[in-house]
Student: 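Sending over a structure as structure tokens; questions will come in a sec.
Heavy-atom basis, side chains included; hydrogens, waters and symmetry copies ignored.
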Amino acid sequence: MYDVLPYASSKEPWLTTARWRAIERHFREMVLRAGYREIRTPILEPTELFKRSIGEATDIVSKEMFTFVDRGERSLTMKPEGTAPAVRACIEHGLFAEHPLLKLFYIGQNFRYERGQKGRYRQHQQLGVEVFGATDPAIDAEVLALAMSFFTTLGVRCRLHLNSVGTSECRATYREALKAYVRPSLAHLSEEGKMRFEVNPLRMLDTKDQKDLAILAGAPVLRDFLSEESSQHFAQVQEYLTALNIPFAIDDGLVRGFDYYSGTVFEIKGEGLGAQDALGGGGRYDGLVEECGGTAVPGLGFGIGMERCLLALEALGIAPPQDDESPVAFIITAGEQQAGKTTAVRLLQTLRSAGIAADMDYLGKNFRRQFKRADDLGTKFYIIIGEDEVASGTVQLKDRASGEQEKIELDSVVPVIKSKLL
RNA sequence: GCGACUGUAGCUCAGGUGGUUAGAGUGCCAGGUUGUGGCCCUGGAGGUCGUCGGUUCAAGUCCGAUCAGUCGCCCCA
């Protein structure tokens with residue numbers, strides 16, 4: 001857990017709201033251009049939703065959910081991922097019936113009860129998309145292309161790891177073949193490996209244990225067990241990616257942590273991120289909607305980790321394009337009795353109403369300190385109002401960069417500033 | 001859930017082998033006549049030394065516990 005603050009600390013410069021907004025905007029613009037529409041789902045969902053969709057045997061469900069019982073004796077869980085809630089919402093509101101092809105995106109907080117470390121937080125934000133209704137490999141390519149271009153346009157170097165886990169039938173056949181292969185060496189497997197052998201054999205492939213890797217080196221490969229259809233679909237996805245000039249690496253060991261994946265799965269890994277190098281991941285989940293109680297609607301999507309993205313940019317020394325938070329104009333009042341104060345208060349509102357970012361001092365600072373404050377905020381223009389100006393209905397407009405100053409009519413402040421901004 | 005390391009001003013950090021009122025830089029505030037800014041000069045505020053307990057005449061410093069954070073394992077975003 002952490003706070004995102006309005007001002008940068010030298011220790012964690014990525015942890016500022018300006019950077020977060022910049023990334024969110026980058027993502028929003030990209031997916032809106034591609035025809036995706038935003039969905040927002042609640043943080044709390046019935047625990048059952050995640051158990052059913054993600055799978056009881058997965059790490060997330062078995063030990064990483066923030067789950068509690070509410071006053072009505074219902075078991076609720078703070079969402080650990082965004083896909084299941086989106087599916088639930090779409091079923092509940094009949095979106096699948098109304099939209100044969102549904103392209104959605106979301107920006108939201110996810111919660112996982114894990115030990116925190118760099119790039120891994122109990123509350124983290126994901127930027128994601130979900131597409132429902134299409135089995136066309138071209139949509140797989142679109143989703144992959146979006147995830148990749150999100151990073152590449154930011155300047156983040158990353159690698160796309162790709163695999164296909166086929167249909168549940170493909171996996172069932174493969175699972176048996178894999179177990180048959182490993183069984184003779186079972187005694188030599190790590191404790192973790194043995195456990196996975198029983199609970200979730202495919203996850204054995206995901207190990208980093210050297211001994212296990214050696215045992216699995218000659219194991220049958222899931223790809224060889226794909227049905228004709230799955231295999232062709234996967235080949236087609238690769239062809240499109242090649243046509244799009246998106247480099248990828250087939251990763252036979254890539255098995256995602258959720259049970260609902262089918263067909264195309266992928267992970268995007270960054271460089272220089274330490275242990276938490278997965279910037280994003282996702283895949284196809286053709287059986288999920290049905291599993292959650294809807295009609296059979298195919299789907300796929302990805303999630304990108306906001307914190308990891310910011311961390312990656314930081315590691316590369318790239319500052320994301322941020323909003324200019326400086327005021328255009330800063331009003332400075334002068335004179336014994338703060339003569340221009342009332343005029344200033346009114347002018348400030350006028351400027352803002354006209355769409356010009358403007359501010360003034362509220363701490364009773366002296367004339368000189370008001371300039372300093374304006375400088376600190378990075379204003380473009382100072383507007384000086386004193387007794388003389390009030391008397392003549394004018395203001396002094398001074399350009400900070402050039403130092404040039406002119407006396408203009410109070411009523412012409414807005415048009416003059418606007419013309420100077422062009 | 002497991003392991004290693006770290007906790008001293010808002011921030012970045014100093015504070016050999018325990019010894020008076022715990023320091024610096026930076027930031028913040030004020031002043032340098034409230035009619036001209038950035039720079040500069042002067043001054044000021046701000047710390048129960050993470051917390052609790054122990055050893056000692058004496059603890060920021062040694063010991064224990066606890067909490068928090070960082071990093072790694074696991075897993076993932």
Side-chain angles (χ1 to χ4, degrees), chain A residues 1-2 5 7-13 54 58-64 80-83 107-128 147 151 158 190-193 195-196 200 203 206-209 254-258 267-270 273-282 302-312 330 332-341 361 363-379 381-390 395-405 407:
Chain A
M1 307 266 184
Y2 48 82
L5 303 173
Y7 302 104
S9 76
S10 51
K11 204 175 176 185
E12 302 188 296
I54 299 172
T58 59
D59 280 11
I60 290 194
V61 172
S62 63
K63 62 176 191 187
E64 294 174 6
E81 58 108 31
T83 303
I107 296 176
Q109 300 295 335
N110 291 348
F111 303 84
R112 293 185 195 171
Y113 197 86
E114 302 177 272
R115 196 79 146 80
Q117 66 182 265
K118 192 184 182 77
R120 195 180 73 187
Y121 308 94
R122 286 183 163 184
Q123 171 173 348
H124 74 276
Q125 181 160 301
Q126 281 191 27
L127 313 165
F151 291 111
C158 54
S190 65
E191 286 310 306
E192 183 70 23
M195 207 267 285
R196 288 176 175 172
N200 197 344
R203 292 221 59 81
D206 207 35
T207 188
K208 281 166 192 154
D209 186 291
L254 178 59
V255 183
R256 306 272 303 150
F258 304 159
E267 251 173 52
I268 295 172
K269 300 203 176 200
L273 290 176
Q276 264 58 53
D277 64 347
L279 291 169
F302 67 70
I304 285 170
M306 174 67 112
E307 293 82 353
R308 290 183 187 179
C309 174
L310 288 160
L311 245 14
F330 192 93
I332 292 167
T333 53
E336 277 307 311
Q337 308 296 320
Q338 289 277 295
K341 200 65 179 281
D361 167 63
L363 294 176
K365 289 177 187 288
N366 67 32
F367 194 64
R368 207 160 55 83
R369 297 284 171 192
Q370 291 181 58
F371 273 94
K372 182 157 166 46
R373 174 67 181 161
D375 291 332
D376 290 344
L377 290 174
T379 193
F381 300 102
Y382 312 92
I383 295 173
I384 301 142
I385 304 175
E387 289 160 322
D388 299 347
E389 287 74 21
V390 172
V395 304
Q396 298 287 342
L397 181 67
K398 182 170 181 174
D399 184 301
R400 184 164 71 105
S402 68
E404 287 170 26
Q405 181 170 323
K407 184 191 243 185

Student: Using a 4.0 Å heavy-atom cut-off, does A/E81 contact any base of the nucleic acid, only the sugar-phosphate backbone, or nothing at all?
Tutor: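 Nothing: the residue A/E81, judged by heavy atoms under 4.0 Å, touches no strand.
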
Student: Strictly by modelled atom types, are A/N110 and A/Y121 linked by a side-chain donor-acceptor pair under 3.5 Å?
Tutor: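 A/N110 vs A/Y121: no donor-acceptor pair found between side chains.
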
Student: Quote, to the nearest angstrom, the P distance that separates B/rU61 from B/rU21.
Tutor: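 After rounding to an integer number of Å, I get 16 Å for this pair.
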
Student: Would you kindly compare A/Y113 and A/F367 by the position of their nearest RNA chain B nucleotide and give the one closer to the 5′ end?
Tutor: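 Its nearest nucleotide being more 5', the pick is A/Y113.
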
Student: Can you check the A/Y7 OH to B/rC11 P distance for me, whole Å?
Tutor: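 Going from OH in A/Y7 over to P in B/rC11 covers 16 Å.
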
Student: Please determine if a side-chain N or O atom of A/R120 lies less than 4.0 Å away from the OP1 or OP2 oxygen of B/rU70.
Tutor: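 Answer no for this pair, as no side-chain N or O of A/R120 is under 4.0 Å from OP1 or OP2.
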
Student: Take atom C1' in B/rA14 and the same atom in B/rA9, then report the distance between them in whole Å.
Tutor: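 Looking at atom C1' only, B/rA14 and B/rA9 are 13 Å apart.
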
Student: Using the closest heavy atom to pick a nucleotide of RNA chain B for each, name whichever of A/R400 or A/I60 lands nearer the 5' end.
Tutor: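 On the 5' side of the pair lies A/R400.
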
Student: Rounding to an integer number of angstrom, what distance separates B/rG69 and B/rC28 when you compare their C1' atoms?
Tutor: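 To the nearest whole Å, 26 Å.
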
Student: A/Q405 near the nucleic acid: base, sugar-phosphate alone, or nothing, with a heavy-atom cut-off under 4.0 Å?
Tutor: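 Contact class for A/Q405: base.
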
Student: How is A/E389 classified with respect to the nucleic acid when contacts are heavy atoms under 4.0 Å: base, sugar-phosphate, or nothing?
Tutor: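 Counting heavy atoms under 4.0 Å across all strands, the contact made by A/E389 includes a base.
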
Student: In plain terms, say whether A/E114 and A/R120 are close enough for a salt bridge, that is, a side-chain N and a carboxylate O under 4.0 Å apart.
Tutor: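 Counted as a salt bridge, because a side-chain N and a carboxylate O are separated by less than 4.0 Å.
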
Student: Taking B/rC57 as the reference, what is the distance to B/rU66 when you measure between their C1' atoms (whole Å, please)?
Tutor: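 Here B/rU66 and B/rC57 have their C1' atoms 29 Å from each other.
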
Student: Under a 4.0 Å threshold between the charged nitrogen and the carboxylate oxygen, would A/E389 count as salt-bridged to A/K407?
Tutor: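 Result for this pair is no, no salt bridge flagged.
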
Student: Can you tell me which nucleotide in B/rA77, B/rC76, B/rC73 comes closest to the side chain of A/Q126?
Tutor: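 Per side-chain heavy atoms of A/Q126, the pick is B/rA77.
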
Student: If the C1' atom of B/rG72 is compared with that of B/rA58, how far apart are they to the nearest Å?
Tutor: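 Looking at atom C1' only, B/rG72 and B/rA58 are 40 Å apart.
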
Student: Before giving the answer on side chain to side chain contact (heavy atoms under 4.5 Å, CB included), spell out for A/R369 and A/F371 the whole-Å C-alpha distance, their side-chain angles and the decisive distance to 0.1 Å.
Tutor: CA-CA 5 Å; A/R369 297 284 171 192; A/F371 273 94; over 6 Å; no

Student: What distance, rounded to whole Å, do you find between the two P atoms, one in B/rG3 and one in B/rG60?
Tutor: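 To the nearest whole Å, 30 Å.
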
Student: So what does A/R122 touch, heavy atoms closer than 4.0 Å: a base, only the sugar-phosphate, or nothing?
Tutor: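 Nothing, no nucleic acid heavy atom in range.
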
Student: Kindly point out which of B/rA77, B/rG72, B/rU34 is positioned nearest to the side chain of A/K118?
Tutor: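 The nucleotide sitting nearest to the side chain is B/rG72.
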
Student: For A/G257, answer base if it contacts any base atom (sugar-phosphate contacts may also be present), sugar-phosphate if it contacts only those atoms, and nothing otherwise; contact means non-hydrogen atoms under 4.0 Å.
Tutor: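 Result for A/G257 = sugar-phosphate.
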
Student: What nucleic acid atoms does A/D59 come within less than 4.0 Å of, heavy atoms only: base, sugar-phosphate, or nothing?
Tutor: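 The residue A/D59 makes sugar-phosphate contact but no base contact.
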
Student: Contact class for A/L127 (heavy atom, under 4.0 Å): base, sugar-phosphate, or nothing?
Tutor: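 No contact.
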
Student: Just to be sure I understand the rule, does A/Q125 reach a base, reach only the sugar-phosphate, or reach nothing, if contact means heavy atoms closer than 4.0 Å?
Tutor: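 No contact at all - A/Q125 keeps every heavy atom at 4.0 Å or more from the nucleic acid.
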
Student: If you look at every strand shown and take non-hydrogen atoms under 4.0 Å, does A/G403 touch a base, only sugar-phosphate, or nothing?
Tutor: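 If one applies the 4.0 Å heavy-atom cut-off, A/G403 turns out to touch a base.
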
Student: As a test of reading the structure: which of B/rG37, B/rA77, B/rC71 is closest to the side chain of A/Q117, going by heavy atoms?
Tutor: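 Within the option list, the nearest is B/rC71.
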
Student: Roughly how far apart, to the nearest Å, are B/rA65 and B/rG46 at atom C1'?
Tutor: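 It comes out at 31 Å once rounded to the nearest Å.
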
Student: Got a sec, which residues hit ring pair (Phe, Tyr, Trp, His ring centres under 6.0 Å) with A/F151, two or more places apart in sequence or on another chain?
Tutor: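 Result, ring pair (Phe, Tyr, Trp, His ring centres under 6.0 Å) vs A/F151: none returned.
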
Student: Mind pulling the stems RNA chain B is in, i.e. runs of at least three Watson-Crick or G-U pairs, everything under 3.5 Å?
Tutor: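 RNA chain B stems, ordered by first number: B:1-7 with B:67-73, B:10-13 with B:23-26, B:28-32 with B:40-44, B:50-54 with B:62-66.
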
Student: Is the number of heavy atoms from other residues, nucleotides or ligands under 6.0 Å of A/Y2 OH greater than 12?
Tutor: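 Atom OH in A/Y2 is crowded, with more than 12 foreign heavy atoms closer than 6.0 Å.
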
Student: At 4.0 Å (heavy atoms only), tell me whether A/N110 reaches a base, stays on the sugar-phosphate, or touches nothing.
Tutor: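 It contacts nothing in the nucleic acid.
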
Student: Between A/D375 and A/R400, is there a side-chain heavy-atom distance shorter than 4.5 Å?
Tutor: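 The answer is yes; the side chains approach within 4.5 Å.
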
Student: Under 3.5 Å, which protein N or O atoms sit close to an N or O of nucleotides 40-46 of chain B? Give each pair with its distance.
Tutor:
none

Student: Expressed in whole Å, how much space separates the C1' atoms belonging to B/rG53 and B/rA59?
Tutor: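 Roughly 13 Å separates the two C1' atoms.
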
Student: Please pick, from B/rA77, B/rG32, B/rC2, the nucleotide with the shortest atom-to-atom distance to any side-chain atom of A/N366.
Tutor: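 The listed nucleotide nearest to A/N366's side chain is B/rG32.
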
Student: Given B/rC71, B/rC76, B/rU36, identify the nucleotide with an atom nearest to the side chain of A/A278.
Tutor: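 Looking only at heavy atoms from C-beta outward on A/A278, the closest nucleotide is B/rC76.
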
